[in-house]
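Taking it in order: structure first as C-alpha cells, then the write-up.
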Number of protein chains: 2
Amino acid sequence: MNQKKRVTLLDVAKHAGVSRATASLIVRGSTNIAEKTRKKVLESMQELGYVYDRVAANMRSQNTSTVGLIITDIGNPFFSELLRGVHNSLEEAGYTVFLGTTFDSDSKQEQLLSRMLEHRVGGLILCPVSDSSHETIERIKKLDVPLILAVREIEDIELDYVGIDYVAGSHMAVNHLIQKGHRRIAFLGGSSGSSAWQKRKQGYCNALVHAGIEVDESLIISSTVTREGGVNAIQKALHLPNSPTAVFCFNDLVAHGVMLGLDDARKKPGKDIAVVGFDNVPEASLYNPPLTTVSSFARQIGSEAASLLHQRIIDRDRELQRIIIQPELVVRSSS
Amino acid sequence: MNQKKRVTLLDVAKHAGVSRATASLIVRGSTNIAEKTRKKVLESMQELGYVYDRVAANMRSQNTSTVGLIITDIGNPFFSELLRGVHNSLEEAGYTVFLGTTFDSDSKQEQLLSRMLEHRVGGLILCPVSDSSHETIERIKKLDVPLILAVREIEDIELDYVGIDYVAGSHMAVNHLIQKGHRRIAFLGGSSGSSAWQKRKQGYCNALVHAGIEVDESLIISSTVTREGGVNAIQKALHLPNSPTAVFCFNDLVAHGVMLGLDDARKKPGKDIAVVGFDNVPEASLYNPPLTTVSSFARQIGSEAASLLHQRIIDRDRELQRIIIQPELVVRSSS
DNA sequence: CTGAAAGCGCTTACAG
DNA sequence: CTGAAAGCGCTTACAG
C-alpha cells in the first residue's frame, strides 16, 4: 500500500502560518478574510495537494450534500431520460447523487434504501418497485428524510409525487385503435402489481367499454418490463384462438419486444397488426415501422421530481405536492 | 423543522443495557457475541429506529464504501448499457455508487472529479471527455485514488484501461461498405478531439487506402455525439458537390440522427445510401431499416471496468491492466 | 463482555 | 484574525 497520508486542514494552516479556524473559513469561501491571507492559504493547499473532506465537514455541521436516486432499470430509455432530467437539476444544485437500480426487486429496493440512508443522504427520489412489501412501506412512512415518489405511487403513502395521467394516456391510445376500426385489442406487458399497470389497464378498459366493446381478459397479458417480456407476451397473444388485430403495449420497451416477436412470426407491425406503445422514447420514431405511442415526458418528470426534492429539503413542512403530467398521443405508422 | 434527533449507537447500547463497544461489534456483525445479547441489541435498534451511520464509521476506520462513475451521457444507449454492466458488479460488491455525467465538458468533468474526491470515494471509473485539459490530466496523475479509464484513453497517462479496438472495428465497417461496391464513403459525426474518434478515423483511412481509394477529407465531417449531430452531419454531406453513396457513422446514436436527416431529405437508408453505425445498441435491430453496425459490447466493457476497479482497490500495486475487446460486425439491411 | 479514553477531519463558539 | 476546546457518530485498543 503506497497510500500517502491525507493532508488535513491543520496541515494546510500550519504550512500557511495561519490558524485552523482561518483555514476553515477560507475553504468554505468566507468573504471576511484579507485577500493576502486567503491567497497564502490557497497556495498552501495547492502545494500540499489538499482535498477538502466534505464527509467530515458534513458530519460535524450535520449537513449533507448527497441525494439518492432509485430507479428500476437504466436499460429502459424511459428511465435514462428521467435520469437526465433529475441529474441535471440536482447536479446544478450542488448535490452529488447516488444512483441505485432495483430491477423491480423489492429486496434490492430495501437494500438500496438502507445503504443510502446509512450514507446520510439529504433526500431521495424513489421510483418504487411494482410490489413494495409492507415492511418497505412502513419503513418509508417512518423515514425522516425527504422523499419524493416518481412514476409510480404507493398506496397509503402520502408523499410528494410526480407522474403522468396513465389512465388518460391509455385511454387515448386504445381509443385511437378503436377509431382505426379495431375491436380485438390486446393489452400486453407490464407487471400487474404496479399502480402504473393498473391505471393503464383502467384506461384500456374504459376506452373499450365506452365504445361498447366487451373486455376479454384473455387479451390482457402481463410480463416483465423488458424487450424479452414483450416478445413473450406477443407470442402468447398470437397463439390465442381468436388473436388480436391490434395491441396496446405497457411501454415502448415492451412494444419493441412485441415488434421483434412479430418479426419472428413473419407479421408486419402496422400492416398485419397495429401496435401502440407508451412513453415516446427518443428511439420510437426510428423503430421499424415508426411507433405510434403516448408521450409520457420522462425528462420532465425527472426535472420536476428534482425540483420537488430540492424544495422539500429546504422546507420540510410545506404542503404535499402532486404533479400529474398530461400525456400526448403521437401517431406514427405502426398503427 | 420537525427533525427528530438522530439515534446513536450509544442510545441503542443504553437502551439494551450493554456497552457501546458491544453494540458496535454487533452492528458490524461480529460472531463472538452471545446470541442473547445480540438479540437484545437488535431489538433495541428496531425499537429506537436506529440507522447505522456508515459515514461516521468509515471516517473513523479510514474505510470507504463508495465509488464514483463518470460517464459522458446517459442519453446514449451505449452508456446506459455500460452503466448496467458497471452497476451490477459494483452494487454486488457492496459499493454504493455516485454517478456523474459530463456531457463531454471538461469543466464538468473537473467539477465531478473534485466532488467525488471530496466525498472520499474509494475508487473511480472515468470515461474521460474528448479533450481533457492539461490540468485535469496532471491532476489525475497525482491522484492517490484507484482510477480506471474506460472507453477512451488519455494520452500520457498510465492507468488501467478497458476499451475496444476501434481501429479494427472501423476497418471492418468500412471494408464491408467497400465490398458492397461503394467508393465514396463518408465518415460522419463524433468530436475530432477524442481518441475514440481518431482511432475510428484511422480504421476508416486504413480500409480505404488498403482498397486503393484516396481519402477525401471533405467526406470526414465531425459533430457532437448526439442525434442532432448526426442530422447536421448528413445534411452537410448531402450538400457536397460529389455526395457520398455510403456513410460510416461515429456511433449508433449519430447513425440514428443520420437516418432522421435522410428521412427529411426523402432518401432511403439502405437503398439510396448505405449507413453503418458503431456500438450495436439494443435498439439498432429495430431501426428503420435495421442498422448495420459494429458491436462494441458496452455492457461487457462496464463489467470489466468494475472488476478492474475492484481488484485495483484491493491491491494498489498490481500490474497495470489493459483490456481491449474485439468488436464484431453485425450486418443488417441499412447497407 | 465492560468502561473509559483517544481519534478520524472537520466546524462551532468564544474569549482575546 | 488566533487559539484552545468541544463535538459530529462512530471504531480502536486496552485494561479489567
Side-chain angles (χ1 to χ4, degrees), chain A residues 3-42 44-45 48-66 115 117-122 144-145, chain B residues 3-42 44-45 48-66 115 117-122 144-145:
Chain A
Q3 276 267 33
K4 294 165 230 156
K5 204 163 156 11
R6 193 177 182 99
V7 178
T8 75
L9 205 49
L10 191 55
D11 298 330
V12 171
K14 277 183 186 157
H15 185 273
V18 302
S19 75
R20 175 157 60 164
T22 309
S24 176
L25 283 171
I26 290 171
V27 82
R28 282 177 289 154
S30 163
T31 48
N32 306 327
I33 303 275
E35 194 45 51
K36 215 171 149 186
T37 320
R38 142 176 283 124
K39 225 181 125 190
K40 203 166 49 182
V41 172
L42 291 177
S44 294
M45 288 182 176
L48 299 179
Y50 174 70
V51 175
Y52 184 57
D53 190 329
R54 198 170 291 277
V55 169
N58 283 342
M59 176 153 119
R60 178 57 181 94
S61 58
Q62 298 289 67
N63 264 349
T64 171
S65 51
T66 58
R115 267 202 218 149
L117 292 172
E118 292 180 357
H119 277 289
R120 295 173 139 278
V121 291
D144 62 338
V145 165
Chain B
Q3 276 266 33
K4 297 164 231 159
K5 206 164 154 13
R6 194 178 182 99
V7 178
T8 74
L9 204 48
L10 191 55
D11 298 329
V12 171
K14 277 183 188 158
H15 185 272
V18 302
S19 74
R20 173 157 62 167
T22 308
S24 175
L25 283 170
I26 291 171
V27 81
R28 282 177 288 155
S30 163
T31 48
N32 308 325
I33 303 275
E35 194 46 49
K36 216 171 149 187
T37 320
R38 139 175 286 123
K39 224 180 127 192
K40 203 167 47 181
V41 172
L42 291 178
S44 294
M45 288 183 178
L48 299 179
Y50 174 71
V51 175
Y52 184 55
D53 190 331
R54 199 170 291 278
V55 169
N58 283 342
M59 176 154 120
R60 177 60 180 94
S61 59
Q62 298 289 67
N63 264 350
T64 171
S65 51
T66 58
R115 269 203 219 147
L117 293 173
E118 293 180 356
H119 277 288
R120 295 173 139 281
V121 291
D144 62 339
V145 164

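The structure presented is a predicted model; accordingly, all values stated were derived computationally and were not measured.
At most 12 non-hydrogen atoms from other residues, nucleotides or ligands lie less than 6.0 angstrom from NZ of Lys14(B).
Of the residues near DNA chain C, Ala57(A) and Arg60(B), the one whose nearest nucleotide (by heavy atom distance) lies more toward the 5' end is Arg60(B). A residue-by-residue look at Gly17(B) and Val7(A) shows that Gly17(B) has its nearest nucleotide of DNA chain C further toward the 5' end.
Residues Arg20(B) and Leu9(B) share a closest heavy-atom pair of O-CD2, 4.5 Å.
Taking atom CG of residue Leu9(B) and atom C1' of nucleotide dT11(D), one finds them 10 Å apart after rounding to whole Å. Here the C1' atom of nucleotide dC10(C) and the OH atom of Tyr52(A) are 7 Å apart, to the nearest Å. One atom, CZ of Arg20(B), and another, P of dG7(D), lie 12 Å apart when rounded to the nearest Å. Rounded to whole angstrom, the span from the CG atom of Asn63(A) across to the C1' atom of dG9(C) amounts to 15 Å. What separates CG of Asp53(A) from P of dG9(D) is a distance of 16 Å, to the nearest Å. Nucleotide dT2(D) holds its C1' atom 15 Å from the NZ atom of Lys14(A), rounded to whole Å. Between the P atom of dC10(D) and the CE atom of Met59(A) lies a distance of 9 Å, rounded to the nearest Å. Rounded to whole angstrom, the span from the CG atom of Leu25(A) across to the C1' atom of dT11(C) amounts to 10 Å.
Although no hydrogens or angles enter the test, the distance criterion places a donor-acceptor pair under 3.5 Å between the side chain of Asp11(B) and the main chain of Thr8(B). Judged by distance alone, with hydrogens and angles left aside, the side-chain atoms of Arg28(A) form a donor-acceptor pair with the main-chain N or O of Ser24(A) at under 3.5 Å.
By the 4.5 Å heavy-atom criterion applied to side chains, Ser65(B) and Arg115(A) are not counted as neighbours.
Contact annotation: Ser24(A) does not reach the phosphate of dC10(C) (side-chain N/O to OP1 or OP2, under 4.0 Å). Phosphate proximity of dT12(D) to Arg28(B): present, with a side-chain N or O under 4.0 Å from OP1 or OP2. Here Ser19(B) reaches the OP1 or OP2 of dT2(C): one of its side-chain N or O atoms lies under 4.0 Å away. In terms of phosphate contacts, Gln62(A) brings no side-chain nitrogen or oxygen within less than 4.0 Å of OP1 or OP2 of dT12(C). Applying the 4.0 Å criterion to OP1 and OP2 of dT11(C), one finds that Arg54(A) has every side-chain N and O outside that range.
The partner of dA4(C), taking Watson-Crick or G-U wobble pairs whose two distances both stay under 3.5 Å, does not exist in any strand shown. Checking dA13(D) for Watson-Crick or G-U wobble geometry (two distances, each under 3.5 Å) identifies no partner in any strand.
As judged by a 4.0 angstrom heavy-atom cut-off over every strand, Arg120(A) is placed among residues touching the sugar-phosphate backbone only. If you check every strand for non-hydrogen atoms under 4.0 Å, Ile33(A) touches sugar and phosphate atoms only. Nucleic acid contact class of Val55(A) (heavy atoms, under 4.0 Å, all strands): none.
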